[in-house]
Amino acid sequence: MNRREFITLFGIGSIASSLPIAIAACTSSEPTKTSPSSDWQNIGTVSELDQKGQLQSPNSPIGPVLVVGTSKTDIIAVDPTCPHQGCKVDWQSTNQQFLCPCHQSAFARDGKRLADPATQALKTYGVKIEDDGVWVKSI
Ligand code: FES
């Protein structure tokens, strides 16, 4: 083996041996940050919901949330922001509807508009009970 052959062989060998290290250095070791369950936001416990019949989270990451119901009834989650001019609606458990205190727009339990002046329904969220928590997500 002459000098030229030795250098060529050594150069290729050193590149080949360092390739796995270079690939490993470029590969991220962080886990995936998004998973299907990460869309759900916990806004309280089942015992809080059962005690009050509603849960509010005005500053949740997905927006203002109002959950009504109990673990023994259907639950629904809405954005309590009135689509008319932005007042916060109140839950009327006796009538089973949301009522806006500003101009008396009314909304059904599922958020559908019942009375003017609002012209749109309340925005609704997905909601579930899991592990003694009440969870919501955008839909
Ligand atoms: S802001 Fe709700 S009815 Fe006007």
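Both ligands and their constituent atoms are indexed starting at 1 by order of listing.
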Please say whether more than 12 non-hydrogen atoms of neighbouring residues, nucleotides or ligands are located less than 6.0 Å from CG in D131.
no
Under 3.5 Å: donor-acceptor pair, side chain of Q85, backbone of C82:
no
I need the single residue from P80, P83, S105 that forms a side chain to side chain contact (heavy atoms under 4.5 Å, CB included) with V89. Which is it?
P80
Listed protein N/O/S atoms, distance to atom 4 (Fe) of ligand 1 under 2.8 Å:
H84 ND1, H103 ND1
Where does the angle between the aromatic ring planes of F98 and W91 fall among parallel (under 30°), tilted (30 to 60°) and perpendicular (over 60°)?
tilted
Got a donor-acceptor contact below 3.5 angstrom from the Q51 side chain to the E48 backbone?
no
Show, in sequence, the C-alpha distance, side-chain angles and deciding distance for C102 and C87, and conclude whether the disulfide (SG to SG under 2.5 Å) test is met.
CA-CA 6 Å; C102 294; C87 293; 1.8 Å; yes
